[in-house]
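Start at 1 and go down the list; that is how both ligands and their atoms are numbered.
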Amino acid sequence: MKIKQLKLGPMDNFSYVVWDESLNEAAVIDPAWQPGAIEEFLLRERLALKFLLLTHAHPDHANAALYFLQKDKELALTLHKEDTFLLEDAVSAGLFGGKPLRLLNGEEELAFGRGKIKVIHTPGHTPGSVSYAASGAVFTGDTLFVGECGRADLPGSDPKALRQSLLKLAALADSTVIWPGHAYNGNTSTIGVQKEYNIYMKLAAKGEAEFLKAAV
Ligand SMILES: [Fe+2]
C-alpha cells in the first residue's frame with residue numbers, strides 16, 4: 001500500500017491518498033481543501049477513486065467531499081454514524097448530491113485493493129471519530145497528532161472517551177506509523193515514539209484523573 005500525504009488549505013490539514021499499486025484503487029481520507037490538487041494526483045498516478053473516507057465530520061476534514069461525489073455516481077461518503085449530526089445542515093441543503101452516506105459502526109474492515117482497511121472507533125474529539133489502520137499505518141484524524149491530541153472541548157467532545165481512544169491506539173504495534181489530520185508538530189511519527197514522548201499519551205496511560213487535568 002502506498003500513501004501520499006497532502007498538506008492543503010489554511011488550517012494545516014492533511015488529506016491522504018492511499019492506494020494499492022497492483023490494482024490502482026485509491027482511497028482519499030479527509031478531502032477538505034483544494035480538491036483539484038487531490039484530483040491531479042489521482043490522475044497523475046492513474047488511480048481509480050474507490051473510497052472517500054472521513055476520520056470525522058468537521059468541515060476542515062470534509063469540505064471538498066462534494067467535489068468528488070458530484071463527479072462519480074458510484075462514490076459514497078463514508079463516515080461513522082455518530083458524526084452525521086455535524087453534517088445535518090449540509091445534507092438538508094442538498095450537499096453531497098443527495099447521495100446516501102455510507103455509515104460505519106466503527107469496527108468494520110473495508111475490502112481495499114488486495115488487503116483491507118480496518119476501522120477503529122476512536123471517539124472523544126467527536127463522537128464519531130475513527131482511525132483507519134492498514135498495512136502498518138494508522139490515520140488518526142484529530143484524535144492523535146505528533147506530540148498532541150485533539151481538542152476535547154467542542155460540541156460532542158468527550159475527554160474521557162478521548163483517553164480511552166488514545167489507549168486503544170497505544171495498543172497498536174509500536175512500529176505502526178501515524179498519519180495525523182493536521183501538521184501541528186510534525187508530519188508523521190510512530191505509536192512507539194508517541195507513547196514515549198507525547199504527554200497526552202503518557203497521561204492517558206497514567207490514569208483518568210491525570211489525563212483529564214491536562215486535556216480539559
Ligand atoms: Fe476536528
Visitor: Give the ring-plane orientation class for Tyr16 versus Phe14, where under 30° counts as parallel, over 60° as perpendicular and anything between as tilted.
Guide: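 Ring orientation, 0 to 90° scale: tilted.
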
Visitor: As an exercise, state the distance from CD1 of Ile117 to CD of Glu108, rounded to the nearest 0.5 Å.
Guide: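 That separation rounds to 12.0 Å.
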
Visitor: Would the His56 and His80 ring centres measure less than 6.0 Å apart?
Guide: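 Between His56 and His80, the centre distance exceeds or equals 6.0 Å.
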
Visitor: How many protein N, O or S atoms are found at a distance of less than 2.8 Å from the Fe ion (ligand 1)?
Guide: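 Those protein atoms number 4 in total.
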
Visitor: Verify, without hydrogens or angle tests, whether Ser131 (side chain) and Val138 (backbone) share a donor-acceptor contact under 3.5 angstrom.
Guide: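 Side chain of Ser131 to backbone of Val138: no pair is present.
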
Visitor: For Ser15, is there any backbone N or O sitting under 3.5 Å from a side-chain donor or acceptor partner on Asp30?
Guide: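 A pair under 3.5 Å: no.
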
Visitor: So Cys149 and Leu166, do their side chains get closer than 4.5 Å, heavy atoms only?
Guide: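 Yes, their side chains come closer than 4.5 Å.
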
